[in-house]
Amino acid sequence: MAIRIHPSAIVEDNVSIGEGSSIWDNVHIRHSTQIGEECIVGEKTYIAYGVKIGNRVKINAFVYICNAVTIEDGVMISAGTIFTNDRFPRATTSNLKQLRPSDPDEHTLPTLVQAGATIGAGCTIGNDLSIGRFAMIGMGSLVTKSIPDFHLAMGHPARSVGCVCRCGQLLRRFAIDENLYEPEITCSACGLKYAIADRDVMELTYPN
């Protein structure tokens, strides 16, 4: 399968792009980044150096992905999402006489987006955190702490309000401070089964 790169895209040296991936117009991919197979990188997206992206990842337009971000297989990142990697950023030294370098240092903190997760349009993703497997982040959310597997999270800051199936269908809404226990819950859309124990979502069946 051919790799498709739009003529207006900037792909720097030492970038690895897997078979069947498409890089659209005015994308900028910095050096030493890895992009897997059958990925889509939408127009005017910026991917910094050293980023790792798995297979079959969809990245929509106007996304900013900074250094120290890892994105696993099957992730959806919707338009206008911004990642961050420095909790206390400054442009200069304390005396304002010298620019601080942009290279990674001890203040550069990682972000992991695990397999199958979805990040809605216009989200801001903090650092030193992970977004769990098949989790879903509602549009416009501000993620400041880790989100568990299969959780639906939204808001400013984002908090878990329910859980979702692998297919994206809502399984259950969470009441505030509810300790939820359900030995079996079935997705109404695809029939996959889950168990919920104190908001930990466990798969009972798997897709073929």
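Annotation: R173, atom CZ; neighbour count of heavy atoms from other residues, nucleotides and ligands within 6.0 Å does not exceed 12. No more than 12 heavy-atom neighbours from other residues, nucleotides or ligands sit within 6.0 angstrom of CZ on R90. Heavy atoms of other residues, nucleotides or ligands lying less than 6.0 angstrom from CG of N95 number more than 12.
Between Q114 and V75 the shortest heavy-atom distance is O-CG2, 3.3 Å. The two residues V69 and C66 have their closest heavy-atom pair at CG2-O, 3.3 Å. Of all heavy-atom pairs between S8 and H6, the closest is OG-ND1, 2.8 Å. N55 approaches E37 most closely through the heavy-atom pair OD1-N, 2.7 Å. The heavy-atom pair separating I147 from A153 by the smallest distance is CD1-CB, 3.8 Å. Residues L109 and A68 share a closest heavy-atom pair of O-CB, 3.8 Å.
Within the 4.5 Å cutoff, the side chain of L129 has no heavy atoms near those of the K145 side chain. By the 4.5 Å heavy-atom criterion applied to side chains, L171 and C187 are counted as neighbours. Between V113 and I77, every side-chain heavy-atom pair lies at or beyond the 4.5 Å cut-off. Put simply, the side chain of L192 does not reach to within 4.5 Å of the side chain of E203, judged on heavy atoms. Within the 4.5 Å cutoff, side-chain heavy atoms of Y181 are placed close to those of D198. Counting heavy atoms from C-beta outward, V27 and K44 have side chains that stay 4.5 Å or more apart. The shortest side-chain heavy-atom distance between H151 and R199 falls under the 4.5 Å cut-off. Side-chain contact between I137 and I119: present, with at least one pair of heavy atoms (C-beta onward) separated by less than 4.5 Å.
T205 places a side-chain N or O within donor-acceptor distance of the main-chain N or O of K193, the cut-off being under 3.5 Å. Looking at E72, its side chain does come within 3.5 Å of a backbone N or O of A115 through a donor-acceptor pair. Put simply, the side chain of S146 gets close to the backbone of S130: a donor and an acceptor are under 3.5 Å apart. No donor-acceptor pair closer than 3.5 Å links the side chain of T144 to the backbone N or O of A158. Side chain of R133 to main chain of G116: no donor-acceptor pair is present (N/O by atom type, distance under 3.5 Å, no hydrogens or angles). A donor-acceptor contact shorter than 3.5 Å is absent between the side chain of S21 and the backbone of I40.
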Item to complete: With side chain to side chain contact (heavy atoms under 4.5 Å, CB included) as the test, would you mind laying out the steps for M136 and L152 before giving the verdict?
Response: CA-CA 5 Å; M136 186 171 289; L152 169 64; 4.1 Å; yes
Worksheet item: Does the side chain to side chain contact (heavy atoms under 4.5 Å, CB included) test come out yes or no for M139 and M154, once each step is laid out?
Response: CA-CA 7 Å; M139 59 184 179; M154 58 181 64; over 6 Å; no
Fill in: Test log, rule side chain to side chain contact (heavy atoms under 4.5 Å, CB included), inputs N60 and M76
CA-CA 8 Å; N60 289 165; M76 170 80 176; 3.5 Å; yes
Worksheet item: Do I65 and I47 pass the side chain to side chain contact (heavy atoms under 4.5 Å, CB included) test, and can you show the C-alpha distance, the side-chain angles, and the key distance before you say yes or no?
Response: CA-CA 5 Å; I65 304 176; I47 302 175; 4.2 Å; yes
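Between atom OG1 of residue T111 and atom CD1 of residue I131 there is a gap of 7.5 Å, rounded to the nearest 0.5 Å. Taken from CD1 in I53 to SG in C39, the straight-line distance is 6.5 Å, to the nearest 0.5 Å. Atom CD of E182 and atom CE of M202 lie 11.0 Å apart (nearest 0.5 Å). With rounding to the nearest 0.5 Å, the separation of SG in C165 from CZ in R172 is 16.0 Å. Taken from CZ in R4 to CD1 in I17, the straight-line distance is 12.5 Å, to the nearest 0.5 Å. Considering CD of Q34 and CG of N14, their distance stands at 8.5 Å, rounded to 0.5 Å.
Hydrophobic cluster membership is shared by I5 and I29, with clusters built from Ile, Leu, Val, Met, Phe, Trp and Tyr side chains linked at under 4.5 angstrom. Hydrophobic clustering (ILVMFWY, side-chain heavy atoms < 4.5 Å, transitive): V57 and F62 are in distinct clusters. Cluster annotation: L180 and Y194 are assigned to the same hydrophobic cluster (Ile/Leu/Val/Met/Phe/Trp/Tyr, side-chain heavy-atom contacts under 4.5 Å, transitive). When the side chains of ILVMFWY residues are joined at heavy-atom separations under 4.5 Å, either directly or via intervening members, W24 and V15 end up in two distinct hydrophobic clusters. Residues I59 and V51 fall within the same hydrophobic cluster, defined by Ile, Leu, Val, Met, Phe, Trp and Tyr side chains chained together at heavy-atom separations under 4.5 Å.
Ring pair Y46/Y64 is parallel by interplanar angle, where below 30° counts as parallel and above 60° as perpendicular.
Checked by atom type, the side-chain pair N85/T108 shows no donor-acceptor distance below 3.5 Å.
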